[in-house]
Structures are given as C-alpha cells and as structure tokens.
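Have a look at the structure below, then the notes.
Just so it is clear: chains get the letters A, B, ... in the order the sequence lines come, proteins before strands, and each one is counted from 1.
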Amino acid sequence: MYDAKLEVSKLLSKYAEGLNEQQLYDMLEVPPSPEMGDLALPCFKLSKHLRKPPVQIAESLAASMPKVDFIDKVEAVSGYVNIFLNRTIFVDKLLAEVLDTGKVFGSSDEGRGKNIVIDFSSPNIAKPFHIGHLRSTVIGNALYRMFKFMGYNCIGINYLGDWGTQFGKLIVAYKKWGDEDKVRKDLVKELVSLYVRFHEEAESDPSLEDEARYWFAQLEKGNEEALALWRWFVDISLEEYAKIYDVLGVKFDLFQGEAFFNDKMEPVVNELKAKGLLVESEGAMIVDLEDEDMPPCLILKSDGSTLYATRDITAAIYRKNTFDFYKCIYVTGVSQSLHFKQVFKVIEKMGYDWHKDLHHVPFGTVSIGGEKLATRTGKVILLEDLLTQAISKTAAIIEEKNADLPNKEEVACQMGVGAVIFSDLFSNRIKDVSFSWDEILNFDGETGPYVQYTHARACSVLRKAGGVELKAFDASLLKSDEEYSLAKTLADFPSKVKQALDELEPSIITRYLVDVAHDFNRFYHVHSILVEDEALRTSRLALTQAAKTVLKSGLELIGLSAPERV
RNA sequence: GCGCCUGUAGCUCAGUGGAUAGAGCGUUCGACUCCGACUCGAAAGGUCGCAGGUUCAACUCCUGUCAGGCGCACCA
C-alpha cells in the first residue's frame, strides 16, 4: 500500500538532524486547511534540541529538501514545514490500488488464525425486543464485521437472558391466567402482558411472589412441567427475535444463554475457594476487591445460589477453553462497567493471564423524553415498530421519487433499516441517546440514506458508462481540488478501519462514510463524469469506481446494505 | 458519601498537545436545458461548563469545582 506519509518521513529523516523515520512519521500531521499543503511538520519540539528558533529550523529544513517526483512544493510557514504532494502520483497510486484490490481494499490478514469472541445483543427471553437492545446488536455486529474484514475468525455469541426469577413469575402467571392459543398467536406480546399482569396483581397479593420463587426453585431442580414451560417460552421468543435479526441482517454463530452455564458454575466456585479467593461476608460468599478499590464481587447469595458475576466468570473460562480467544468482547450498556471490571479482576486474581484479553465495550443509555425504558411499565418503543415506521417512510419516498424502481420493497427495507442502524452508530457509543421519532426518521443530512443514495448514484453513472477498461485511467487528468480531495479521503479508508478497530468504535467508520459521500457529491456536482473526451471520462469513472468500492465496503462494515439502485 | 462517564454553535454531534475550533439539522440567501436535486455552494450562529496549573503551544494533559447520566451486596 502506498503511504505518502511514510515516503515523506523517509526523505525527511535524511535532512532532519537527530530524528529517525519513525519519530518523523509520528510528528507529521495533516494541516487544518488544504491551502497549507497535504502534510506538515511542526518544528517547535526541535527547537530546544537544535538550539534554534522553530521558524529558522523550518526554513532551513524546507530549503535543504531536494526535488523529488512525489513532492511538488515545500514551504516553511511560521515554524511549520508544509509539504505539497504531487497530485498525479498520489491519485495514480491510490486508484491503481483500489481498482486492483477491489472489495478487499482496506482489509488485511493481521487476524489470521486469531479467534475473537463477541458477546452482543443478548436480549432477555420473554421480553420484547426494544430500542434499548438495538445498540448492543448493531455495535456488536459492526465490530464482528470489522474484525472479520481484518482477517480474524469471529464467534458471535448471543448470551440470552434465558434464566432467572422472572421465569418463576411467568410460570405462575401463565398457569393462572394464560391461554395456550393466545400465546401461540401473539407470542412475546402475550408473555409480556402476563408478566405485567403478574406485577399488577402482586401489588395486592404478595403471596404471588412466594409462588414465583417456588416455581423458579422447581425450575432449578429440573421439574419437568416447569422445564417444559421454560423451553416453550424460550422457543417462542427466539422465533420472534429471529425475524428481527433477519431484517437487521445480523447473524450469530452461537445462541448460548445463561441457562447453558447452570451446571458449569459449581467447579468454578470450587476453584475460587481452592485459590483462597472466596470469603464469607454478611452471609454471602464474595471475592474481596478492597485492595483494588472496588466493591466486593458477589459469587454466592446467602442461600447459596449463584449470581450474575458467577455466571459471567464461568462463561469467560468456558469460552477461553472452547475458543482460545485472542480477544473476548462484551457489548453492553455502560451501567455494567463496574460489573465487568470486577469480573475481569476476579479472573486475574484466579491467575489467568488472559484476563487482559477481555474487553468491555460500553455504550450510553437510551431514554425517551428523559425517562428510562422499562418493559414493566410499558415505557418502551419496540424495535419492530421502529423498523416498520422507518421502512414505510422510505417506501413513501421511493414511491414519490422513483416509482419505477424494480425491487421497491427490498430497497425500502434496506434503506429504512439502514437509517436506523446508521443513526445508532453515528455518535461515539458512550454518548447517551434520547430517542426521538423525528430525529430517527429524518433522512436529511448525515444519514444512512444519504450515503446509500450516493453509492447508488455512483453505481448509476458506472452503469450508464457501460463496460470501460478503468485501469486505462490517466491520473494526471484528475488534478482538480475536488478530485484530489476525494482521492485523499478514499486513501484514508484503511487507517480508519484500523482506528475503528483499535478503539472498538464503529462510529469512526460511520462518520468517515459521510466524508466520502460528501467529497464524492461535490466532485460529482462540479465535474461531469460522462464527458466526450475518452481519456478524461475513463479517469473520472475510475475515481467513481474507487468511491463506490469504498462506500460499499464501509456500509457493509457497519452492517448496512449498499443497493445499486434506490 | 464514594467511583466511572459526559459537558464544544439554537438542536444533534465531530475534533490524534499545534496554524483561523468543524459538520449535519434548523434559519437566511443562492445553483436544476446538466451523468439521479434524498444534491451542491454561501451567510449567520462559539467566553470549547467554570477556575487554576503544566507547556514554546491546551477544546485536548493535571488539579479543583459546578451540572447531568450511570453505578456502588445478595436483580441481570
């Protein structure tokens, strides 16, 4: 891959006293405005060492630089050495590479032979899939695709919330008020209304709580009636979630919920005990983390039953043994930050050096009008409703603008869903989100449909051009600001993917796509692509093809479709 | 009370210690005989929460402080 910055730092290292290539590479930066060049070296740090004022250093450095083909101009401006690259060479190298590598442009094989476990989505069984679950799902999915792009072998695990006292409540409610046909018909909706009813009735009749505890205990003991009902609830829920995952284009390699670990926790508890980590406190068994400035990690309740942390520690060990992961990533809300810090610390204390490969990827909280989402009070927006609305709005726009589109429904779905995913991946994941119908259904500006539309527009031009041998392009014809700036942005793709992965932050790709779309649209607006002059046409088409390639790869990395016509 | 996170334009947000702090929405003005106008250009809009400190240089690092969010023992 052509890295202009690397070439420049190689060259500079011959003239900058006491600085090696790597140091110069790290010091080189992109000036705030293109009039100041493509790369700049601030000379302030050299001042002390060289005992000369920065302005003088910059000037003598600029003067000593020899004439080379890939640099057009070197200027010294108030302490900076500004470097202007040769546009033709830059564009030539970039286009040649993108045309040559195509959809693998920006990818690598750095992950070959390494397993990445990504624990994401993980909805609670018998509860509706609402917009609160969306974030884990789309962030996890984007990370999955990004790691895969870099050659890693990914294992996406849906760690379903399929165990816990709520099943005792649900069994009681179903036995008292449930109706099999109704459940078969309305699925999770009916399970939720049973759950809600349980809480309403329990207000006036506390004995219901005891019954629920009894039935959960039965479930844990393996009572067949309880187990059968539990399995049925799980199956119903999974069936419904499957539809949503299908619409979102999300796949898992494994559905392995909490229940899976029920019979695997005891050995881990024993191990904790054997390693002298387990101590009794207020009747419960804990791992004390006071020396780590953390509250204790609860392992067993005073009645001897297990807890969230017990299960997560068990699951981590199981995953390490099963997949020998290079990294294991948990995509959950920020409210679980302390929990994961404790769990990771306990694993470290158990003597497992792979604790450093465990990563919590937190994201901010979703609220509606300042209130938190809660299934119990009905304060939720179902993802299904959101997607339906987004799709029908897109369908209406297509009907208005492009009624002759052949596969309208499919495209409406791709763009409607795309809008929702894109908006969720647009800001840094740690930011809290206040849900608003207006905002999420507004497709103007920096949105998924904008990027998808731009991609389709590029496709349209290429289609119209017919089969052209793009590799015959002449980069010297692409020297305008708009063309060069688009090429520079496209060249950033590999480093953006890398950065997004380093920071486990999909929004870096999302924002980058907006930059690409914007640069392409400006280029498109200022320059005609399908011009008479064949050489010019071929060259601009090659640039269009490169933009299309990057847009498509980028969209797919964050889990969006890139339809050719919209 | 303690801990973590967040505070940047009216709103939603970008911003690897470096040059004049940037987008989108909204507002105002402008560009369609033209490859798809879900487009493009321009204007207006800022004490980067506040106060200290480090530095040649701070939105960025450190300390303090204020505001909001989240968490802090038997839920997950």
Using the rule given for ring pair (Phe, Tyr, Trp, His ring centres under 6.0 Å), can you reason through A:F340 versus A:Y330, listing the C-alpha separation, both sets of side-chain angles and the distance that settles it, and then say yes or no? CA-CA 9 Å; A:F340 282 108; A:Y330 299 84; 4.8 Å; yes
Is there a side-chain hydrogen bond (donor to acceptor under 3.5 Å, both in side chains) between A:Y450 and A:D444 once you walk through the steps? CA-CA 7 Å; A:Y450 168 68; A:D444 297 330; over 6 Å; no
Can you check side-chain hydrogen bond (donor to acceptor under 3.5 Å, both in side chains) on A:N521 and A:R457, steps first, answer last? CA-CA 9 Å; A:N521 281 322; A:R457 181 181 242 185; 2.9 Å; yes
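For the pair A:K548 NZ and B:G36 P, the computed distance is 15 Å after rounding to whole Å. Taking atom CG of residue A:D432 and atom P of nucleotide B:C70, one finds them 7 Å apart after rounding to whole Å. Between A:N521 atom CG and B:G24 atom P there is a gap of 12 Å when expressed in whole angstrom units. To the nearest angstrom, P of B:A23 lies 19 Å from CG of A:N428. Between the C1' atom of B:A14 and the CG atom of A:L513 lies a distance of 15 Å, rounded to the nearest Å. Summarising the geometry, the separation between NZ on A:K341 and P on B:C70 is reported as 19 Å, rounded to the nearest angstrom. One interatomic measurement links the two molecules: CZ of A:R457 to P of B:C34, which rounds to 14 Å at whole-angstrom precision. In this structure, A:E483 atom CD and B:C40 atom P are separated by 17 Å, rounded to whole Å.
Proximity of A:F198 to A:V172: side-chain heavy atoms (C-beta onward) are separated by under 4.5 Å at one or more points. Side-chain contact between A:F260 and A:D162 is absent, with no heavy atoms from C-beta onward closer than 4.5 Å. Between A:I397 and A:F443, the closest side-chain pair of non-hydrogen atoms falls below 4.5 Å. Side-chain contact between A:S423 and A:T447 is absent, with no heavy-atom pair separated by less than 4.5 Å. Counting heavy atoms from C-beta on, the side chains of A:F129 and A:S121 come closer than 4.5 Å. Contact of the A:Q336 side chain with the A:Y308 side chain is registered, since non-hydrogen atoms from C-beta on lie closer than 4.5 Å. With a 4.5 Å cut-off on side-chain heavy atoms, A:R540 and A:E483 count as touching. Considering only heavy atoms from C-beta on, A:L272 comes within 4.5 Å of A:V287 through its side chain.
Ring geometry for A:F435 against A:W437 counts as perpendicular: the plane angle is over 60°, on a 0 to 90° scale with 30° as the lower cut.
At the heavy-atom level, A:H527 lies under 4.0 Å from base atoms of the strands shown. Note on A:I397: a base of the nucleic acid sits closer than 4.0 angstrom, heavy atoms only. A:N82 comes within 4.0 angstrom of a nucleotide base, judged by non-hydrogen atoms across all strands. Within the nucleic acid shown, A:S47 has no heavy atom closer than 4.0 Å to any nucleic acid atom. Nucleic acid contact for A:P31: base, since at least one base atom lies under 4.0 Å from a heavy atom of the residue. A:A40 comes within contact range of at least one nucleobase, with a heavy-atom separation under 4.0 Å. Heavy atoms of A:S427 sit under 4.0 angstrom from primed sugar atoms or phosphate atoms, though from no base atom. Base engagement by A:V566 is indicated by at least one non-hydrogen atom pair under 4.0 Å involving a base atom.
Counting only heavy atoms from C-beta on, A:E29 has its side chain closest to B:U16 among B:C13, B:U16, B:C70. When each of B:C40, B:A37, B:A19 is scored by its nearest atom to the side-chain atoms of A:Y453, the top-ranked nucleotide is B:A37.
Look at A:D291 and A:K349 and you find a salt bridge, because one of the NZ, NE, NH1 or NH2 atoms lies within 4.0 Å of a carboxylate O, short of that distance. Salt-bridge annotation for A:E564 and A:K548: present, with a side-chain N of the basic residue lying under 4.0 Å from a carboxylate O of the acidic one.
Between the C1' atoms of B:U20 and B:G30, the separation comes to 25 Å (whole Å). Nucleotides B:C2 and B:C59 place their P atoms 30 Å apart, quoted to the nearest Å. As rounded to the nearest Å, B:G22 and B:G46 have P atoms that lie 14 Å from one another. If you take atom P in B:C61 and the same atom in B:C74, they sit 36 Å apart, rounded to whole Å. Annotation: B:A51 and B:U8 have their P atoms spaced 16 Å apart (nearest Å). B:G49 sits 15 Å from B:A21 when the P atoms are compared, rounded to a whole Å. One P atom belongs to B:G15, the other to B:C75, and the distance between them is 40 Å to the nearest Å. Atom P of B:C11 sits at a distance of 16 Å from the matching atom of B:U27, rounded to the whole Å.
Dense packing is recorded around CD of A:E503, with more than 12 heavy atoms of other residues, nucleotides or ligands lying under 6.0 Å away. Counting non-hydrogen atoms of neighbouring residues, nucleotides and ligands closer than 6.0 angstrom, the CD atom of A:E290 reaches no more than 12 such neighbours.
Identified under the salt bridge (charged side-chain N to carboxylate O under 4.0 Å, His left out) test for residues 405-423 of chain A, with sequence neighbours left out: A:E399-A:K408.
In this model, the phosphate group of B:U12 is not approached by any side-chain N or O of A:K431 to a distance below 4.0 Å at OP1 or OP2. Put simply, A:S78 has no side-chain N or O that comes within less than 4.0 Å of OP1 or OP2 on B:A19.
For the strand RNA chain B, secondary-structure stems (runs of at least three Watson-Crick or G-U pairs, all distances below 3.5 Å) span B:1-7 with B:66-72, B:10-13 with B:22-25, B:27-31 with B:39-43, B:49-53 with B:61-65.
Rounded to the nearest 0.5 Å, atoms CD1 (A:I508) and CG (A:L501) are 10.0 Å apart.
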For nucleotides 55-64 of chain B, tabulate all protein N/O to nucleotide N/O atom pairs closer than 3.5 Å, reporting atom names and distance.
none

Enumerate the protein-to-nucleotides 26-33 of chain B contacts in which both atoms are nitrogen or oxygen and the separation is below 3.5 Å.
none

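Of the options A:V30, A:L28, A:D38, a side-chain contact (heavy atoms from CB on, under 4.5 Å) to A:K5 is made by A:L28 and by none of the others.
Comparing A:Q499 and A:G445 by the nucleotide of RNA chain B whose heavy atom lies nearest to each, the residue mapping closer to the 5' end is A:Q499. Remark on RNA chain B: of its neighbouring residues A:F443 and A:L41, the 5'-side contact belongs to A:L41, judged by nearest-heavy-atom nucleotide.
Residues of residues 398-426 of chain A having a heavy atom closer than 4.0 Å to RNA chain B, listed by number: A:K401, A:N402.
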Taking protein heavy atoms under 4.0 Å as touching, what does nucleotides 71-76 of chain B look like 5' to 3' if B marks base contact, S marks sugar-phosphate-only contact and - marks none? SSBBSB
